[in-house]
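First the structure, in the form of C-alpha cells, and then the observations on it.
Keep in mind that what you see is a predicted model, and the values were worked out from it rather than measured. Sequence lines set the chain letters: A, B, ... in the order given, protein chains first and strands last, and positions in each chain run from 1.
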Amino acid sequence: MIRLEPPAGDPLRSRPPFLGGRHGLERSLWWAYWNAGKKSVLVEAEAEAAALEGLAGTAGLICFSGPAERYDALGLASLRGRHRSLVVSSVTPFGLSGPNRSWKGGELVGWAAGGAAALVGDADRAPVVPYGELGLIAAGRFALMGSLAALRAACRDGEGQLVDVSLQEAMAFLTSETGLPTFLDDLIPRTRMGSHRISGGPFGHFPSSDGFVHIGAAQPAHWDALAAWISEETGEESALDESLRGNLSARFHTHELVDYLTAQLTRLHTKQELFIEGQRRGVTLAPVNDVPAVAADPHLEAAGYWAELEVDGTRVRAPRGFRGRAPRLGEHTEEVMDRC
Amino acid sequence: MSAWTARFTPREVAYRLQSAGVPASPALELAELAVSPQLEARGFYRLGRHARFGQDLFAGYPAQLSRTPGEVASAGPALGEHNDYVLGELLGLDEAERRRLLEAGVVFEMPSAPPMKRPYFSWIRHFLRLEGWP
C-alpha cells in the first residue's frame with residue numbers, strides 16, 4: 001500500500017500522542033500504527049492527479065478518503081474510465097451521490113448524521129461520541145470488504161469499479177439493532193440511557209471501590225448467581241425474592257431496587273476482585289478498564305495480543321496485526337515513481 | 001457557540017454551517033432517519049423477502065459497488081425457516097432422524113401462523129419511498 005503525501009506530510013503525522021510527548025513527523029503514534037507496512041511517496045499538490053495517473057497503470061486499487069469535491073478534483077471518476085481494471089474505493093462523509101454529497105464531515109458528523117450520537121450519553125445532557133475514531137475505522141472496514149469483493153470481480157473478468165462508502169451510512173448500519181426498522185415496529189423512541197439500560201437485568205456500569213464494573217445479567221442464571229452473591233456478602237435477603245427470578249422482564253419494574261442491591265455489593269470490592277469472583281460464579285461481569293489496566297491485562301498478554309512496533313527508532317508495544325513499520329516521509333518516492 | 005446555535009433548530013444550524021463549508025449535522029433521531037433525503041437518495045433502506053411478512057425492511061450495506069452491487073436474497077430469517085435446507089440438504093438427515101431430533105427438543109419447527117404484516121407497512125410508504133412496499 002502506497003501513501004501519497006504532501007511535502008508537509010499527511011495530517012495524521014501531526015496527530016498526538018507523540019512518542020515521548022515530543023512532536024515529530026515520525027513520532028505520531030496514530031500515524032505509526034495505522035501506516036505500518038505502507039510506503040510513502042512525496043507528491044506536490046499540483047502533481048497529485050498526474051501521480052495517480054502514473055500509478056493507476058500498475059495499481060489494482062486506489063483508496064480515497066476525504067470530501068467528495070476532492071474526489072472530483074483528483075479526477076478519480078475519469079481515471080477509472082482510462083484504466084479498465086482499476087478499483088477505486090472512496091470513503092466520504094455522505095457518499096458520492098445524493099443531495100448531501102458535497103457536505104463536509106468527519107467522525108462527529110458521521111455519528112450525528114447516522115443516528116448513533118443521539119443514542120449515546122446521559123438523557124439529560126447532549127449526546128456524546130466515544131473516543132477513538134470508531135466511525136471512521138468502521139467505514140474503513142466496510143471499504144476494505146467492498147474493495148476485496150471488487151478486486152475479486154476484477155480478477156475474474158478484468159473490469160474494475162467504484163466502491164462508494166458513506167460515513168453516515170456506516171454509522172446508521174452499526175445502529176441497526178436499535179435502528180429504524182426496530183423503531184417503526186414499536187414506535188418507542190430509543191433515548192440516551194447513560195451507562196445503564198433500564199431493563200432490570202441489572203445491565204450497566206456499577207461503582208467498585210476503585211472505579212466501575214460492567215454487569216450484563218441478561219439470563220436467569222446470571223441473576224440467580226448474582227443474587228446469591230449479593231445475599232451472602234451484604235446480607236440483603238431481598239435479593240433472593242422469588243419475584244425477581246427469571247429473565248429480564250421479571251425485574252423490569254423493580255430495576256431501581258435491583259440496581260441498588262447490585263451496587264451494595266460492587267462497592268465492597270475492587271474491579272479486579274469483582275471480575276474474578278463474578279466470572280467464577282457465572283455472572284457476566286467485566287471491569288471498566290482504563291488504558292493502563294488494558295496494558296496490564298494478563299489475558300491479553302497470554303493471548304499474544306501485543307507486538308512490538310518501531311516508532312522513530314524506538315520499539316513500543318502495540319496491538320498485533322501489523323507488518324513492519326510506518327514509512328518515513330517520502331521514503332519510497334524514488335523507488336515507486338521510477339517504476340511508473 | 002451555544003448562544004448562537006440555541007437560536008436555531010438543529011437542521012437550520014447544520015444548513016447554515018454547511019453552506020459556509022463547516023462540517024455539521026443534526027444529531028438525527030431514529031424517526032428522522034426514515035425521512036433523510038440523503039439516505040433515501042442512496043437507497044440505504046431496502047425491502048427483502050421474508051417468510052413471515054412477505055417483505056421486510058432492513059438497512060442496506062454501507063459499501064456500494066458500482067458494477068457488482070450484489071443483492072440481498074432475503075431479510076432476516078424466521079425461526080426455523082431453513083430447517084429443511086440445513087438438516088435435509090446440507091446434513092443429509094432423513095425424515096426419521098429429523099423427526100427424532102424434533103421430538104427430543106434438539107431442533108424446532110417454524111411455528112405455523114397466518115401471514116403477518118409489519119404494523120407500519122400501511123403508513124410508512126408515505127414517508128420512506130421504496131419500490132415494492134407490500
Side-chain angles (χ1 to χ4, degrees), chain A residues 80 89 93-106 108-115 117-119 126-127 138-139 142-147 149-150 153 159-176 178-187 189-190, chain B residues 2 5 10-11 13-15 17-48 50 53 56-70 75-76 116-125 127-128:
Chain A
R80 281 199 307 115
S89 163
F94 291 88
L96 292 174
S97 60
N100 294 350
R101 178 187 190 273
S102 63
W103 275 30
K104 305 293 186 288
L108 296 182
V109 168
W111 276 77
L119 299 171
F142 290 124
L144 168 65
M145 288 186 277
S147 298
E159 294 280 345
Q161 60 187 303
L162 169 67
V163 179
D164 177 7
V165 177
S166 152
L167 178 54
Q168 176 192 29
E169 289 173 18
M171 293 314 299
F173 182 86
L174 292 178
T175 54
S176 56
T178 51
L180 180 64
T182 309
F183 167 68
L184 291 176
D185 221 20
D186 58 24
L187 294 180
R190 270 65 179 173
Chain B
S2 296
T5 58
R11 204 166 291 274
V13 171
Y15 274 94
L17 289 174
Q18 286 286 357
S19 297
V22 177
S25 168
L28 294 181
E29 305 277 351
L30 292 174
E32 293 173 296
L33 295 178
V35 295
S36 161
Q38 181 65 10
L39 293 178
E40 179 185 311
R42 287 176 57 85
F44 181 68
Y45 291 108
R46 304 183 189 183
L47 288 169
H50 192 279
F53 301 109
D56 205 6
L57 184 71
F58 61 94
Y61 193 70
Q64 295 191 11
L65 276 63
S66 60
R67 192 173 66 84
T68 56
M116 297 188 281
K117 222 185 238 187
R118 292 285 188 194
Y120 56 83
F121 277 177
S122 61
W123 56 267
I124 189 59
R125 68 190 68 214
F127 298 96
L128 180 57

Of the backbone (N, CA, C, O) and the side chain (C-beta and beyond), which part of B/Ile124 lies under 4.5 Å from a heavy atom of chain A, both, or neither? side chain

If I compare all heavy atoms of B/Ala63 with all of A/Val163, which pair ends up nearest, and what's the gap? CB-CG1, 4.1 Å

Just how far is it from atom CG of B/Leu30 to atom CG of A/Leu119, taken to the nearest 0.5 Å? 5.5 Å

At their closest point, which heavy atom of A/Glu159 faces which heavy atom of B/Arg67, and how far apart are they? O-NH2, 2.9 Å

Ranking B/Leu33, B/Val22, B/Leu17 by heavy-atom pairs under 4.5 Å to chain A gives rank one to B/Leu33

Do you know which two heavy atoms are closest between A/Gly98 and B/Gln38, and how far apart they sit? C-OE1, 3.2 Å

Out of A/Ala118, A/Gly146, A/Ala113, A/Ala117, return the one with the most heavy atom pairs under 4.5 angstrom to chain B. A/Ala113

Quick check on the interface: out of A/Pro127, A/Ser89, A/Gly95, A/Gly106, who has the most heavy-atom pairs with chain B under 4.5 Å? A/Gly95

Quick one, A/Ser166 and B/Arg42 - any side-chain contact, counting heavy atoms below 4.5 Å? yes

When B/Tyr45, B/Phe121, B/Phe58 are compared by non-hydrogen pairs under 4.5 Å with chain A, the top option: B/Tyr45

Counting only heavy atoms closer than 4.5 Å, note whether B/Ser19 contacts chain A via side chain, backbone, both or neither. neither

From CG (B/Asp56) to CG (A/Asp185), nearest 0.5 Å: 8.0 Å

Where on B/Ala34 is there a heavy atom nearer than 4.5 Å to chain A: the side chain, the backbone, both, or neither? both

Interface check, chain B: of A/Asp186, A/Leu96, A/Asp164, most non-hydrogen pairs under 4.5 Å belong to A/Asp164

Minimal heavy-atom distance between B/Gly21 and A/Lys104, with the atoms involved, is O-CG, 3.7 Å

Which portion of B/Ala27 sits near chain A, non-hydrogen atoms under 4.5 angstrom: both

Taking ring-ring contact (aromatic ring centres under 6.0 Å, His included) as the test, write out the residues that go with B/Tyr120, two or more places apart. none

Sort A/Leu187 into side chain, backbone, both or neither according to what part of it lies under 4.5 angstrom from a heavy atom of chain B. side chain

Do A/Glu169 and B/Gln64 have side-chain heavy atoms sitting under 4.5 Å apart? yes

In sequence, state the C-alpha distance, the side-chain angles, and the governing distance for A/Leu180 and B/Leu39, and then conclude on side chain to side chain contact (heavy atoms under 4.5 Å, CB included). CA-CA 12 Å; A/Leu180 180 64; B/Leu39 293 178; over 6 Å; no

With sequence neighbours excluded, tell me which residues meet ring-ring contact (aromatic ring centres under 6.0 Å, His included) with B/Tyr61. A/Phe142, A/Phe173

Nearest 0.5 Å, please: how far is CD in B/Gln18 from CG in A/Asn100? 7.5 Å

For A/Ala149 and B/Leu65 the tightest heavy-atom approach is CB-CD2, 4.0 Å

Interatomic distance, B/Thr68 atom OG1 to A/Gln161 atom CD [nearest 0.5 angstrom]: 3.5 Å

Distance-minimising heavy-atom pair for A/Val109 and B/Ser25: CG1-CB, 3.8 Å

